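Below: the structure, in structure tokens.
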Amino acid sequence: MARDELAIAWQLLASTGMRRGEALALRWGDVDLDAGRLSVRRSATVVEVKGEGERIIVGPPKSGKPRTVDLDPDTAAGLRTHKAAQGTLSLSLAREDAYVFASLDGTVRHPERFSRKFAAAVEQARAAGGQKSLAKIRLHDLRHTHADAAPRGRCARQGRLGTPGARQRDHHTRRLRSRHAGHAAGGGCEVRGTDGRGGNG
């Protein structure tokens, strides 16, 4: 099976719970591979412009606030390898202001095409291992999976996912009830900004 050039993108989304647009708008200057963390400062979205069709806009993240996300060692190593590979294609793709998952011309990848790439990768993996060996999932499901698997409390999970003050979607009633109880018993959440300082979300 051919190597998936965006495998590290899927790994990043699954291991951090980042939104699709946040990953697409991530620049190398936002990533500190030595420290094992990155800063989410912007997000890419598709908008319809009258008379011009679709346009990709890069703006603030959905939460309206930047945040810092820790990277596990495997993901950090994968990003380092990806950066080196991008640099062999063009030095401009590995500069600090370059998008981490840029198209070959250096522009932001189209979010919907990015999602279709993931769907194709899932289908390829399912075909290789047998249809029942892997669930049919969407790209956004990686975010929900990360939220469900996060080992820490509600506040830490909200800060990591960039949803301070918002209840995460959870398909398990037991977890949902637990979060309601935690919200009633506890106060507001403290969210770490890009400077590492806490702040009430």
Side-chain angles (χ1 to χ4, degrees), residues 1-49 52-125 128 138-140 142-143 146 159-162 192-197:
M1 184 166 58
R3 175 182 174 275
D4 183 358
E5 62 170 337
L6 289 173
I8 183 56
W10 318 141
Q11 182 177 339
L12 177 69
L13 291 171
S15 64
T16 64
M18 290 174 66
R19 297 180 177 89
R20 175 183 67 179
E22 293 171 344
L24 291 176
L26 188 69
R27 298 180 187 268
W28 285 118
D30 301 323
V31 184
D32 188 337
L33 293 173
D34 293 327
R37 61 173 176 262
L38 60 80
S39 297
V40 177
R41 296 190 172 100
R42 63 194 75 81
S43 182
T45 57
V46 179
V47 297
E48 286 283 344
V49 179
E52 298 181 22
E54 287 186 343
R55 180 184 295 178
I56 299 175
I57 301 295
V58 176
K62 188 175 182 179
S63 65
K65 297 180 180 180
R67 69 185 188 280
T68 300
V69 176
D70 293 328
L71 298 170
D72 65 84
D74 286 343
T75 302
L79 285 170
R80 195 183 297 276
T81 299
H82 176 64
K83 186 176 184 180
Q86 291 290 85
T88 62
L89 295 175
S90 173
L91 290 177
S92 64
L93 294 177
R95 294 186 316 201
E96 291 294 280
D97 62 346
Y99 292 111
V100 173
F101 302 113
S103 299
L104 286 177
D105 62 359
T107 57
V108 179
R109 287 179 183 265
H110 193 291
E112 294 302 327
R113 293 175 195 149
F114 185 69
S115 290
R116 287 198 289 270
K117 285 267 192 180
F118 177 76
V122 169
E123 286 305 311
Q124 187 176 19
R138 305 164 304 159
L139 185 62
H140 191 67
L142 297 181
R143 179 171 166 83
H146 175 80
R160 184 174 176 83
L161 295 173
R192 183 171 53 148
T194 55
D195 58 1
R197 295 177 301 187

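Computed from a prediction, not measured in an experiment: that's the story for all the values here.
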Name the atoms and distances for all side-chain donor-acceptor pairs under 3.5 Å in residues 97-104, with sequence neighbours left out.
from  : atom 1 : to    : atom 2 : distance (Å)
Asp97 : OD1    : Arg95 : NE     : 3.3
Tyr99 : OH     : Arg27 : NH2    : 2.9

**Message:** To the closest 0.5 Å, what do you measure between CG (Leu93) and NE2 (His82)?
**Reply:** 8.5 Å

**Request:** For residues 81-93, pull every pair meeting salt bridge (charged side-chain N to carboxylate O under 4.0 Å, His left out), keeping only residues two or more places apart or in separate chains.
**Result:** Lys83-Glu96

**Request:** Start with the C-alpha distance between Leu38 and Leu12, add both sets of side-chain angles, then the distance that settles side chain to side chain contact (heavy atoms under 4.5 Å, CB included), and finish with yes or no.
**Result:** CA-CA 11 Å; Leu38 60 80; Leu12 177 69; 3.9 Å; yes

**Request:** Using atom types as modelled and distance alone, determine if a side-chain donor or acceptor of Arg42 lies under 3.5 Å from a backbone N or O of Val58.
**Result:** no

**Message:** Before you tell me yes or no, could you show the steps for Gln124 and Asp4 under side chain to side chain contact (heavy atoms under 4.5 Å, CB included), namely the whole-Å CA-CA distance, both residues' side-chain angles and the distance that decides it to 0.1 Å?
**Reply:** CA-CA 10 Å; Gln124 187 176 19; Asp4 183 358; 5.9 Å; no

**Check: Thr68 main-chain N/O paired with Arg37 side-chain donor or acceptor under 3.5 Å** = no

**Asked** Is there side-chain contact between Glu22 and Thr16, with at least one heavy-atom pair below 4.5 Å?
**Response** no

**Prompt:** Taking side chain as C-beta onward, heavy atoms only, is Arg80 less than 4.5 Å from Asp34?
**Reply:** yes

**Asked** Hey, does Phe118 have a side-chain heavy atom less than 4.5 Å from the side chain of His140?
**Response** no

**Asked** What distance separates Glu112 CD from Glu54 CD, expressed to the nearest 0.5 Å?
**Response** 7.5 Å

**Request:** Any chance you could measure Leu142, atom CG, to Met18, atom CE, to the nearest 0.5 Å?
**Result:** 12.5 Å

**Asked** Is there a side-chain contact between Ile56 and Pro111, using heavy atoms and a 4.5 Å cut-off?
**Response** yes

**Message:** My understanding is that only residues two or more places apart in sequence, or in another chain, count here; which of them pass salt bridge (charged side-chain N to carboxylate O under 4.0 Å, His left out) with Arg113?
**Reply:** none

**Request:** Report the C-alpha separation of Ser43 and Arg19 in whole Å, then their side-chain angles, then the decisive distance to 0.1 Å, and conclude whether the side chain to side chain contact (heavy atoms under 4.5 Å, CB included) test is met.
**Result:** CA-CA 8 Å; Ser43 182; Arg19 297 180 177 89; 5.5 Å; no

